[in-house]
There are 2 protein chains.
Amino acid sequence: MNQLFDRLQNELKKKNINLSYQRLKVLEYLTQNQCHPTVEQIYTDLEKEISTLSKTTVYNTLKKMVSEGLVRIITIEDNETRYDINTHDHGHFKCEICKNIFDFDINMDLVLTKGLERFKILDRNVYFKGICPGCLSNSK
Amino acid sequence: MNQLFDRLQNELKKKNINLSYQRLKVLEYLTQNQCHPTVEQIYTDLEKEISTLSKTTVYNTLKKMVSEGLVRIITIEDNETRYDINTHDHGHFKCEICKNIFDFDINMDLVLTKGLERFKILDRNVYFKGICPGCLSNSK
DNA sequence: ATCTATCGTGTAATAATTACAAAGTTGTAA
DNA sequence: TTACAACTTTGTAATTATTACACGATAGAT
Ligand SMILES: [Mn+2]
Ligand SMILES: [Mn+2]
Ligand SMILES: [Zn+2]
Ligand SMILES: [Zn+2]
């Protein structure tokens with residue numbers, strides 16, 4: 001509600017979108033919870049603070065921010081849509097035990113692909129699944 | 001209903017799963033339609049031939065085949081689960097104009113990742129979005 | 001033929017997402 | 001300040017995808 005606000009305000013003003021209280025709160029939540037939350041998580045947590053918040057508003061806000069490129073959708077499981085405020089190219093790793101999702105660096109330019117020479121690539125996604133170090137050591 | 005049947009029959013026998021008519025038909029469909037169909041597509045098409053087919057059976061069959069590793073789930077959009085009988089490592093490209101999904105070769109071992117040294121990777125997924133050559137030339 | 005485990009089907013229940021309309025806000029021009 | 005248009009939020013209803021469940025059908029083993 002200061003630096004973040006100003007930064008978002010700025011970025012949105014350029015796109016002629018105004019930063020309402022609800023929108024700010026959703027974006028603030030995503031900034032503070034970079035665990036790739038679902039709509040449900042965002043809504044449930046924010047609703048404690050903003051008792052009048054509607055889940056539809058969360059959907060609306062996220063849809064708008066995704067279409068404006070401020071937020072990215074992460075679909076790893078087919079039954080849960082997650083959101084990431086970090087829109088830089090990076091990979092995701094989902095631990096099948098603890099279900100946590102980890103970020104990792106990846107150089108997409110080095111991803112060698114055959115057969116895509118004539119395609120125009122606009123968006124790249126990489127995700128892995130497996131077991132995280134924590135769960136690996138627990139299982140020993 | 002011969003070579004395919006025998007091959008699937010074999011593969012499933014090892015896992016103690018029997019190849020019912022419905023299961024055969026779903027697998028046959030996936031083999032002949034490697035366009036990564038949704039449950040809806042599979043059901044709608046097969047239902048013409050097998051009028052008693054239940055959508056639940058399609059779900060059941062796919063779930064079983066996925067858990068046995070004969071079929072792979074492709075989640076590119078958050079609102080549509082697609083299925084692929086090609087379980088070899090390969091990437092997917094979804095054209096945002098015609099919505100078609102294309103396969104492409106990718107050498108996952110060459111995907112350089114930083115920060116995953118201590119993770120056990122069990123499954124790798126790569127998908128891109130953009131515009132396919134056909135739609136690119138149409139738009140000129 | 002009988003038994004048992006597995007399979008397929010239909011219906012009902014859940015859950016996620018979207019559509020829509022009403023009410024509230026904001027910015028701005030007169 | 002007022003007036004107005006554009007944009008937002010909210011709540012409810014509708015849609016859609018998926019799962020749960022129970023019961024009848026089937027296939028293989030004895
Ligand atoms: Mn991330
Ligand atoms: Mn494929
Ligand atoms: Zn873990
Ligand atoms: Zn296309």
Is there a donor in the side chain of A:Asp105 and an acceptor in the side chain of A:His90, or the other way round, less than 3.5 Å apart? no
Quick one: do the A:Asn125 and A:Asp123 side chains pair a donor with an acceptor below 3.5 Å? yes
OP1, OP2 of C:dT9 versus side-chain N and O of B:Thr57: anything below 4.0 Å? yes
Under the side-chain contact (heavy atoms from CB on, under 4.5 Å) test, residues paired with A:Cys98 that sit two or more places apart: A:Cys95, A:Asn100, A:Cys132, A:Cys135
Residue whose nearest DNA chain C nucleotide is more 5′ - B:Arg23 or B:Ser51: B:Arg23
Nearest-0.5 Å distance, CZ of residue B:Phe5 to CZ of residue B:Arg7: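 Interatomic distance, B:Phe5 CZ to B:Arg7 CZ, rounded to 0.5 Å: 12.5 Å.
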Atom pair CG (A:Asp45) and CG (A:Asn33), whose distance is rounded to the nearest 0.5 Å: 7.0 Å
Test of ring centre spacing under 6.0 Å for B:Tyr59 and B:Tyr43: no
Close aromatic pair by centroid cut-off 6.0 Å: A:Phe102 and B:Phe119: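 Distance test on ring centres: under 6.0 Å, yes.
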Sugar-phosphate atoms are those with a prime plus P, OP1 and OP2; base atoms are the rest. Using that split, label each nucleotide of nucleotides 12-29 of chain C B, S or - for protein heavy atoms under 4.0 Å, 5' to 3'. ----SBBB----------
Answer yes or no: is there a side-chain heavy-atom contact under 4.5 Å between B:Tyr83 and B:Leu30?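 Yes, side chains in contact.
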Which is the 5'-most and which the 3'-most nucleotide of DNA chain D that has an atom under 4.0 Å from a heavy atom of chain A?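 Listed 5' to 3', the contact boundaries are D:dT8 to D:dT12.
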